[in-house]
Amino acid sequence: MWTWRRHIGQITFYEEKNFQGRSYECMSDCSDMSSYMSRCQSCRVESGCFMLYERNNYLGQQFFMRRGEYNDMHRMQSMGMMFDNIRSCRMIPFHRGQFRMKIYERENFGGQSNEMMDDCDNIQDRYRMSDCQSCHVMDGHWLMYEQPQYRGRMMYMRPGEYRSFRDMMSGQRFMSMRRITDMC
């Protein structure tokens with residue numbers, strides 16, 4: 001049976017490896033963790049899914065975290081984390097229902113467009129699109145990756161209009177997309 005605490009999500013950050021030192025428990029979004037701790041060397045996701053960000057206010061590189069224990073954040077580079085500190089985090093709400101997103105080849109919803117309802121491991125192969133520079137997320141929560149096969153830097157997209165990925169993250173383009181279907 002799911003408890004209320006499991007529904008909302010919970011992550012605990014620790015200043016030292018192996019869950020040692022000062023800690024900060026978070027059950028929602030946190031735009032600036034620096035007032036709670038100076039660094040993060042390990043974390044434990046008790047429930048829910050979270051995006052971690054290298055800078056305050058949900059900026060910079062991002063990393064998706066699901067339920068589990070992460071005793072050494074520096075060793076996470078093998079899983080794709082390319083930064084050594086966490087400054088903000090965002091809880092990803094569980095979505096029930098359909099997933100829909102429209103991707104556009106150019107900024108400001110220009111050029112070729114395609115509507116998606118499922119994961120796409122390569123927009124070049126599936127849609128013959130060489131680039132994706134804007135999108136409109138209508139339903140669900142998505143992860144977008146800079147390379148095919150869900151590799152490279154990622155960005156969390158929640159429902160809304162995204163007119164220019166360049167404005168959000170310099171030089172960013174996306175070549176594969178995946179729905180966040182985890183209940184975590």
Side-chain angles (χ1 to χ4, degrees), residues 1-20 23-33 36-37 39-101 116-121 135 137 139-160 168-169 172 174-184:
M1 185 69 159
W2 287 94
T3 64
W4 169 250
R5 190 175 184 102
R6 286 191 172 266
H7 273 302
I8 60 172
Q10 177 184 349
I11 187 170
T12 305
F13 300 98
Y14 298 87
E15 283 191 332
E16 304 298 330
K17 295 177 185 176
N18 298 312
F19 319 111
Q20 301 295 309
S23 65
Y24 170 61
E25 183 178 297
C26 185
M27 293 190 293
S28 63
D29 296 354
C30 179
S31 64
D32 184 1
M33 292 175 38
Y36 303 106
M37 56 194 335
R39 66 176 182 242
C40 177
Q41 300 289 316
S42 58
C43 75
R44 186 178 280 133
V45 181
E46 301 292 337
S47 60
C49 295
F50 290 83
M51 285 306 290
L52 306 183
Y53 299 82
E54 73 173 327
R55 298 193 342 234
N56 295 340
N57 299 313
Y58 321 111
L59 297 173
Q61 291 192 48
Q62 306 176 20
F63 193 74
F64 177 71
M65 304 290 281
R66 57 174 45 99
R67 189 180 325 163
E69 294 188 345
Y70 306 89
N71 67 343
D72 185 353
M73 297 304 270
H74 289 297
R75 302 183 89 203
M76 300 270 306
Q77 288 184 355
S78 65
M79 293 175 55
M81 182 181 276
M82 300 303 290
F83 54 95
D84 60 3
N85 210 344
I86 297 157
R87 297 287 182 210
S88 56
C89 73
R90 178 166 271 154
M91 188 186 80
I92 301 171
F94 179 67
H95 175 74
R96 297 174 201 258
Q98 70 178 359
F99 286 77
R100 284 187 11 200
M101 174 171 58
M116 303 173 53
M117 296 181 78
D118 58 357
D119 300 349
C120 176
D121 64 357
C135 76
V137 177
D139 294 303
H141 300 264
W142 299 74
L143 289 176
M144 297 180 73
Y145 298 82
E146 69 179 343
Q147 298 173 17
Q149 307 302 320
Y150 317 115
R151 293 189 337 255
R153 293 189 304 171
M154 66 179 75
M155 184 173 284
Y156 166 53
M157 309 301 264
R158 54 190 182 173
M168 299 168 67
M169 191 178 254
Q172 190 75 340
F174 297 106
M175 299 303 292
S176 55
M177 297 82 182
R178 177 179 277 164
R179 299 163 296 153
I180 301 175
T181 58
D182 302 57
M183 196 153 180
C184 304

Output all residues satisfying side chain to side chain donor-acceptor pair (under 3.5 Å) with [X], sequence neighbours left out; order by chain, then residue number.
{"X": "E15", "result": "S38"}
{"X": "Y156", "result": "H141"}
{"X": "R179", "result": "D119"}

Heavy-atom closest contact ([X] atom, [Y] atom, distance):
{"X": "C43", "Y": "I11", "result": "SG-CD1, 4.2 Å"}
{"X": "M101", "Y": "M144", "result": "SD-SD, 4.2 Å"}
{"X": "C89", "Y": "S28", "result": "SG-O, 4.2 Å"}
{"X": "V45", "Y": "F50", "result": "CG1-CD1, 4.2 Å"}
{"X": "R67", "Y": "Y70", "result": "O-OH, 4.1 Å"}

If the condition is side-chain contact (heavy atoms from CB on, under 4.5 Å), which residues does R151 pass it with, not counting sequence neighbours?
Q147, Q149
The side-chain contact (heavy atoms from CB on, under 4.5 Å) partners of T12 (sequence neighbours excluded) come to Q10, Y14, S23, E25
Could you state the interatomic distance from [atom1] ([X]) to [atom2] ([Y]), rounded to the nearest 0.5 Å?
{"X": "W142", "Y": "F174", "atom1": "CH2", "atom2": "CZ", "answer": "13.5 Å"}
{"X": "I180", "Y": "R178", "atom1": "CD1", "atom2": "CZ", "answer": "10.0 Å"}
{"X": "S42", "Y": "I86", "atom1": "OG", "atom2": "CD1", "answer": "9.0 Å"}
{"X": "N56", "Y": "E54", "atom1": "CG", "atom2": "CD", "answer": "11.0 Å"}
{"X": "C49", "Y": "M65", "atom1": "SG", "atom2": "CE", "answer": "10.5 Å"}
{"X": "C26", "Y": "Y36", "atom1": "SG", "atom2": "OH", "answer": "8.0 Å"}

Aromatic ring pairing F13/Y24, orientation class (parallel under 30°, perpendicular over 60°, tilted between)
parallel
May I ask you to decide if R87's main-chain N or O and Y53's side chain share a donor-acceptor pair within less than 3.5 Å?
no
Taking Q62 for its side chain and M51 for its backbone only, find out whether a donor-acceptor pair lies under 3.5 Å.
no
Show the numbers, then the answer: is there a side chain to side chain contact (heavy atoms under 4.5 Å, CB included) between F19 and N71?
CA-CA 6 Å; F19 319 111; N71 67 343; 3.8 Å; yes
Apply side chain to side chain contact (heavy atoms under 4.5 Å, CB included) to the pair Q61 and R55, showing each step before the final yes or no.
CA-CA 8 Å; Q61 291 192 48; R55 298 193 342 234; over 6 Å; no
Tell me every residue that passes salt bridge (charged side-chain N to carboxylate O under 4.0 Å, His left out) with R100, counting only those two or more places apart in sequence or in another chain.
E115, D139
CA sep, side-chain torsions, deciding dist, call: Y150, L143, side chain to side chain contact (heavy atoms under 4.5 Å, CB included)
CA-CA 9 Å; Y150 317 115; L143 289 176; over 6 Å; no
